[in-house]
Structure formats: C-alpha cells, structure tokens
There are 2 protein chains.
Amino acid sequence: MENYQPALNSAFHALADPTRRAVIQRLLRGATTVKNLAEPFPIGLPAFLKHLRVLEESGLIATQKTGRIRTCRLEPRRLQQAEAWLAEQRALWEAGADRLAAYVEREMPEEPKP
Amino acid sequence: MENYQPALNSAFHALADPTRRAVIQRLLRGATTVKNLAEPFPIGLPAFLKHLRVLEESGLIATQKTGRIRTCRLEPRRLQQAEAWLAEQRALWEAGADRLAAYVEREMPEEPKP
DNA sequence: CCTATAGTTCACCTTATGGAGAACTATCAG
DNA sequence: CTGATAGTTCTCCATAAGGTGAACTATAGG
C-alpha cells in the first residue's frame, strides 16, 4: 500500500503545531535568520530550535549556516506534496460515484461469508 | 493572530498517522463499521479505537451508534479546510512578488538599530 | 435463556513532544 | 584582545501518543 509515506507523516506532523505553521507563513515572505524567526514567539531559543529541526527534517524548510548566522528558507515542494494528498482525497470523494455501489456490495454481498 | 487555529492543529495531527490516513481513504468509498475499518490493521481494537477518536475529535470523521454497531463516515469539510490552508500558503508563495523586497528591507534596513 | 459479536473501558508501558534553564561555542565589531 | 551576538548543546521535566492485554457491557441470533 502506498499509504505508508514517511514524508507525509512528518510533513503533517510538522504542520500540526501553530508555532511551526507561523514560521512557514513568515518564510513565505522570504528567507531569514533564526533570531528573526524566533523573535515573535514567547518560547526560549532551545525550544524554538526544536521546532526548526522538526520543520527541516520534514523537508518543509531548508537552512544554511554562513558564519554565525543560520538562514532559513521555505521548501515549497513538501508543502505542495501535502496539499496534493489532500487534493487527491477530495477528488476521489467528489468523484465518489461508486460510493453507493460499494455500500450496497458491503452491506448486501452476493456471497456472504460461510 | 489568526494562526492559532485548533481545527488545523487537530486536523493535521490526525493526518500525520498512516493508519488514520488509511482510514480516511477507506471511508472515501463509503461509510462502514468499526470492525470493518479495523480489520486491515495489525493493531488491537483498543488502539484502533483511539485512532478513531482522534479522527472524530478532529472533525475529519463522524460516527453514529445504532444498536451495537458504530458506523463511521467521512466528514469532508475538515479535509477541505486543511487543504485550503495549504492552498493559501502556496498561493501566497507563488504570488511572492514582494519576496525580494522584504529581503532587502530586512538585510539592509533604512534605519539600523542603534 | 445462552452465546457469539461489536464495542468499550481500564490499568499499564514505552517513547515522543514541547518546554525550561544553564552552560558552552563560534564569530563579528570595535 | 574583548565583548556582544547568534546559535548550540546539555540535562531535566511534564504531558501526550500509541500500543498492549484483560475484563466488562450491550446487543442480536438461535
């Protein structure tokens, strides 16, 4: 089953936290430094760095260190990948012509189990 | 900040688990019972029921008990809501005309801090 | 009534998550 | 060289997640 997709696991998990979603939204407006990103949040730097690591390991952002400054930028491909999964489910739902048929087949099978 | 959206928190969290995504995909083909849903998975019923509760509390599915049978169905609105958030971010990214401008303003501010 | 079926609840375990503070490292500015 | 700045790492803590097995409840059928 193509349903075990680690990329989706970690992407959706990363997206489940409001701090991390806010980081993503901030990065939509351009790459910036850790300090800059962390500034609006009421948590300590160590905690914030954990969020960044979750985002980076999920592939939603990428970072690069130059001198003592780490710059973070958005990696839109993963975002799109998550969106694609959701869009596909919606498409299947909307297509759903076979929903009733499947229901009938399930509730009134032609060959009940012995 | 409209970024603290409990609905998105719980929806994305629910979507982060492959078992729960598989349940959603199963429900695309029509409502069914707990037993039916649980059958393909290698985990015990109590663990599976926890997954169902996460899905239900996130608003991604709805359930209804008749007699001793609980029927689960997909609630596509939440799915769409999550998709909408992602789509919006992508739209903002693709619009991103001000990305360079913001970068310049950040890296070369007109009034550096004293 | 009796029993299999469908869920449910309970106590428990292990690991992950999100946060804290303190101490440390590496660089840039003067 | 000497700070100040920007990250980083460390240990610790509380809670949430995901799983287990055993015991329990409530129907539906025969």
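Heavy-atom basis, side chains included; hydrogens, waters and symmetry copies ignored. Here is the naming used below: chain letters follow the sequence lines, and residue numbers restart at 1 for every chain.
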Relative orientation of the end axes in the helix from C:dC1-D:dG30 to C:dG30-D:dC1, expressed as an angle to the nearest 10° (five pairs per end): 20°

Rounded to whole Å, please give me the gap between [atom1] in [X] and [atom2] in [N].
| X | N | atom1 | atom2 | value |
| --- | --- | --- | --- | --- |
| A:Leu45 | C:dT25 | CG | P | 18 Å |
| A:Arg21 | C:dG18 | CZ | P | 12 Å |
| B:Leu37 | C:dA6 | CG | P | 13 Å |
| B:Lys35 | D:dA26 | NZ | P | 21 Å |
| B:Ile43 | D:dA17 | CD1 | P | 15 Å |
| A:Asn36 | D:dT5 | CG | P | 15 Å |
| B:His13 | C:dA16 | NE2 | C1' | 10 Å |
| A:Asn9 | C:dT15 | CG | P | 19 Å |

Student check: side-chain heavy atoms of A:Leu49 and A:Arg53 closer than 4.5 Å: yes

Side chain proximity check, A:Val34 to A:Arg70, heavy atoms < 4.5 angstrom: yes

Electrostatic pair B:Arg90-B:Glu88, nearest N-O below 4.0 angstrom: no

Polar side chain donor-acceptor pair, B:Thr63 to B:Glu56, under 3.5 angstrom: yes

Which residue lies more 5' along DNA chain C, comparing A:Lys65 with B:Thr71 via nearest heavy atoms: B:Thr71

DNA chain C: 5'-proximal contact among A:Arg68 and B:Ile69 (nearest heavy atom): B:Ile69

Contact list for DNA chain D against residues 47-54 of chain A - heavy-atom distance below 4.0 Å: A:Leu49

Separation between NZ of A:Lys50 and OG1 of A:Thr19, rounded to the nearest 0.5 Å: 13.5 Å

Ring geometry between B:Phe12 and B:Trp85 (parallel below 30°, tilted from 30 to 60°, perpendicular above 60°): perpendicular

Check: A:Arg20 side chain, A:Leu15 main-chain N or O, donor-acceptor pair, under 3.5 Å: no

Backbone of B:Leu37 reached by a side-chain donor or acceptor of B:Arg26 within 3.5 Å: no

Shortest non-hydrogen contact from B:Ala11 toward B:Leu60: O-CD1, 3.9 Å

Closest nucleotide among D:dT20, C:dT27, D:dT9 to the A:Pro46 side chain: D:dT9

